[in-house]
Protein chains: 2
Amino acid sequence: MAVKERMDYIKKQLHSQSYKLTPQREATVEVLLENEEDHLSAEDVYLLVKDKAPEIGLATVYRTLELLNELEIVDKINFGDGVSRYDLRKEGANHSHHHLVCIQCGDVSEIEEDLLGEVEVKVEREWQFKIKDHRLTFHGVCSKCQRDKDSTNEEVGRQTVDQL
Amino acid sequence: MAVKERMDYIKKQLHSQSYKLTPQREATVEVLLENEEDHLSAEDVYLLVKDKAPEIGLATVYRTLELLNELEIVDKINFGDGVSRYDLRKEGANHSHHHLVCIQCGDVSEIEEDLLGEVEVKVEREWQFKIKDHRLTFHGVCSKCQRDKDSTNEEVGRQTVDQL
DNA sequence: TATGAAAACGATAATGATTATCGTTTAGTA
DNA sequence: TACTAAACGATAATCATTATCGTTTTCATA
Ligand SMILES: [Mn+2]
Ligand SMILES: [Mn+2]
Ligand SMILES: [Zn+2]
Ligand SMILES: [Zn+2]
């Protein structure tokens with residue numbers, strides 16, 4: 001779906017709760033839509049949105065992100081560095097997607113497919129817990145870093161192809 | 001396993017990296033062992049540990065928790081309120097356990113069983129990502145709050161069961 | 001046992017992300 | 001046009017965490 005159409009949908013979501021899509025909010029959403037792969041902090045968003053709306057204040061960015069989070073348009077996530085990051089939900093998704101965090105290069109990538117279907121059935125049944133959402137993050141070594149490590153090893157000399 | 005024995009094991013882990021188990025560190029670990037179900041913030045730990053070692057400083061608590069985290073004795077977790085929480089790993093566990101967070105009463109409970117075995121096989125294969133650890137948290141309504149809501153509904157009278 | 005270096009510590013200042021405050025602007029309505 | 005509430009921008013306040021620094025403890029060695 002085009003950015004324009006998703007913006008319209010978000011506009012409807014705001015209006016349905018009698019919030020306005022002000023120019024500042026629109027510019028902020030635009031930044032999120034145009035950087036969907038990234039995981040921007042409030043400060044990141046602020047710097048990017050200043051190009052579109054130079055007069056915007058940091059407080060407004062925080063307020064807007066908080067609002068979008070309440071409306072479940074974005075998820076507020078935390079990867080353990082000291083800042084919150086704001087992650088647009090995938091089109092049509094009604095819950096947070098999964099993440100892969102590389103402990104070597106720091107790269108964060110996404111898994112859009114929901115892998116928790118069966119697990120959630122089990123949790124609801126065996127723990128009597130009604131699940132509304134989830135957060136799943138894997139920490140490990142991304143494919144790129146695995147390859148880099150292999151090359152390094154080859155340069156050094158003979159070696160086993162893989163160790164677990 | 002008794003607190004004493006787990007303390008000894010942690011002592012060995014520290015020594016194996018040539019760290020000392022100072023009285024302050026021992027008191028801090030004791031607090032963690034005696035409150036294993038809880039998810040204490042640094043400040044929480046500080047207040048509890050003061051009973052055992054009244055002269056301890058907050059900075060030392062932070063340093064100790066950081067050290068225990070590096071040694072993978074505790075996991076530093078974040079539930080979205082503004083503080084980090086320190087969660088002792090279960091005996092013999094080599095990764096973080098799962099959590100259930102109730103969006104109504106705020107209660108946090110634990111799932112000790114690892115539910116991600118098959119999911120991780122799939123992720124490693126299909127995303128070429130070497131998993132070292134994971135974080136899985138479910139947000140929803142705990143069994144207690146489900147019961148409470150049922151009672152409330154009955155008192156109020158007839159009504160639609162759910163309006164998402 | 002005395003000594004010297006490194007590791008830890010306690011107190012507290014500094015940092016930095018987030019939130020609160022407050023006066024001003026904007027949008028919608030009578 | 002005038003009124004009211006929602007939003008905004010600037011900036012002060014808050015508060016968790018980290019950095020600094022002088023002191024204490026540990027421990028290997030003379
Ligand atoms: Mn994401
Ligand atoms: Mn836990
Ligand atoms: Zn990587
Ligand atoms: Zn509950």
Side-chain angles (χ1 to χ4, degrees), chain A residues 10-31 39-71 73-87, chain B residues 10-31 39-71 73-87:
Chain A
I10 290 169
K11 189 171 185 174
K12 278 179 194 143
Q13 288 178 275
L14 287 169
H15 284 165
S16 79
Q17 309 273 335
S18 48
Y19 290 112
K20 303 164 193 169
L21 182 62
T22 64
Q24 292 91 340
R25 286 174 181 168
E26 183 164 16
T28 302
V29 172
E30 246 178 61
V31 164
H39 298 89
L40 305 175
S41 67
E43 185 79 27
D44 293 337
V45 172
Y46 176 60
L47 295 176
L48 288 168
V49 83
K50 283 211 126 189
D51 294 336
K52 299 171 185 294
E55 73 298 338
I56 199 171
L58 178 58
T60 298
V61 171
Y62 271 102
R63 282 187 288 239
T64 299
L65 293 170
E66 199 54 41
L67 176 63
L68 294 172
N69 181 233
E70 277 161 23
L71 297 182
I73 294 166
V74 304
D75 290 303
K76 190 174 181 176
I77 59 183
N78 191 299
F79 290 125
D81 53 348
V83 297
S84 293
R85 298 184 177 276
Y86 298 85
D87 204 17
Chain B
I10 290 169
K11 188 172 186 172
K12 278 180 194 142
Q13 289 177 275
L14 286 170
H15 285 164
S16 77
Q17 310 273 335
S18 47
Y19 290 112
K20 302 162 192 169
L21 183 62
T22 63
Q24 292 91 338
R25 286 174 182 169
E26 184 164 17
T28 303
V29 172
E30 245 178 62
V31 164
H39 298 89
L40 305 174
S41 67
E43 184 79 26
D44 293 338
V45 173
Y46 176 61
L47 295 175
L48 288 168
V49 83
K50 284 211 125 189
D51 293 337
K52 299 170 185 292
E55 73 297 340
I56 200 171
L58 178 57
T60 298
V61 172
Y62 271 102
R63 281 186 289 240
T64 300
L65 293 171
E66 199 54 40
L67 176 63
L68 295 172
N69 180 232
E70 277 161 23
L71 297 181
I73 293 166
V74 304
D75 291 302
K76 190 174 181 177
I77 59 184
N78 191 299
F79 290 126
D81 54 346
V83 298
S84 292
R85 299 184 177 276
Y86 297 85
D87 203 17

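Below, chain A is the first sequence line, B the second, and so on; all start at residue 1.
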Checklist outcome for this item: The answer to which of B/Gln24 and A/Lys76 contacts DNA chain C further toward the 5' end, by nearest nucleotide, is B/Gln24
Item to check | Nucleotide nearest B/Val83 (side chain, heavy atoms from C-beta), chosen from C/dT19, D/dT17, D/dA7 | outcome: D/dT17
Checklist entry - NZ/B/Lys50 to CG/B/Leu58 distance, rounded to the nearest 0.5 angstrom? => result 9.0 Å
Checklist entry - Once you round it to whole Å, what is the distance between C1' of D/dC8 and CZ of A/Arg25? => result 10 Å
Next on the checklist: Applying a 4.0 Å non-hydrogen cut-off, can you work out what B/Glu43 is touching in the nucleic acid: base, sugar-phosphate, or nothing?
Outcome noted: nothing
Checklist entry - Of A/Leu40, A/Val31, A/Val61, which is the lone residue that meets side-chain contact (heavy atoms from CB on, under 4.5 Å) with A/Tyr46? => result A/Val61
Next on the checklist: Quick check for you: among D/dT17, C/dA8, D/dC8, whose closest atom lies nearest to any side-chain atom of A/Thr60?
Outcome noted: D/dC8
Checklist entry - Regarding B/Thr60 and B/Arg63, is there a side-chain donor-to-acceptor distance under 3.5 Å anywhere? => result yes
Checklist entry - Closest nucleotide of DNA chain C for B/Leu58 versus for B/Thr22: which of these residues is on the 5' side? => result B/Thr22
Item to check | Nucleotide nearest B/Tyr62 (side chain, heavy atoms from C-beta), chosen from D/dT18, D/dA10, C/dA11 | outcome: D/dT18
Checklist entry - Between D/dC8, C/dT19, D/dT17, which nucleotide gets closest to the side-chain atoms of A/Glu66? => result C/dT19
Checklist entry - Just to confirm, is there a sub-4.0 Å distance from OP1 or OP2 of D/dT17 to any side-chain nitrogen or oxygen of B/Ser84? => result yes
Checklist entry - Does a side-chain N-to-carboxylate-O contact under 4.0 Å join B/Asp87 and B/Lys76? => result no
Checklist entry - What is the distance, rounded to the nearest whole Å, between atom NE2 of B/His15 and atom C1' of D/dT26? => result 11 Å
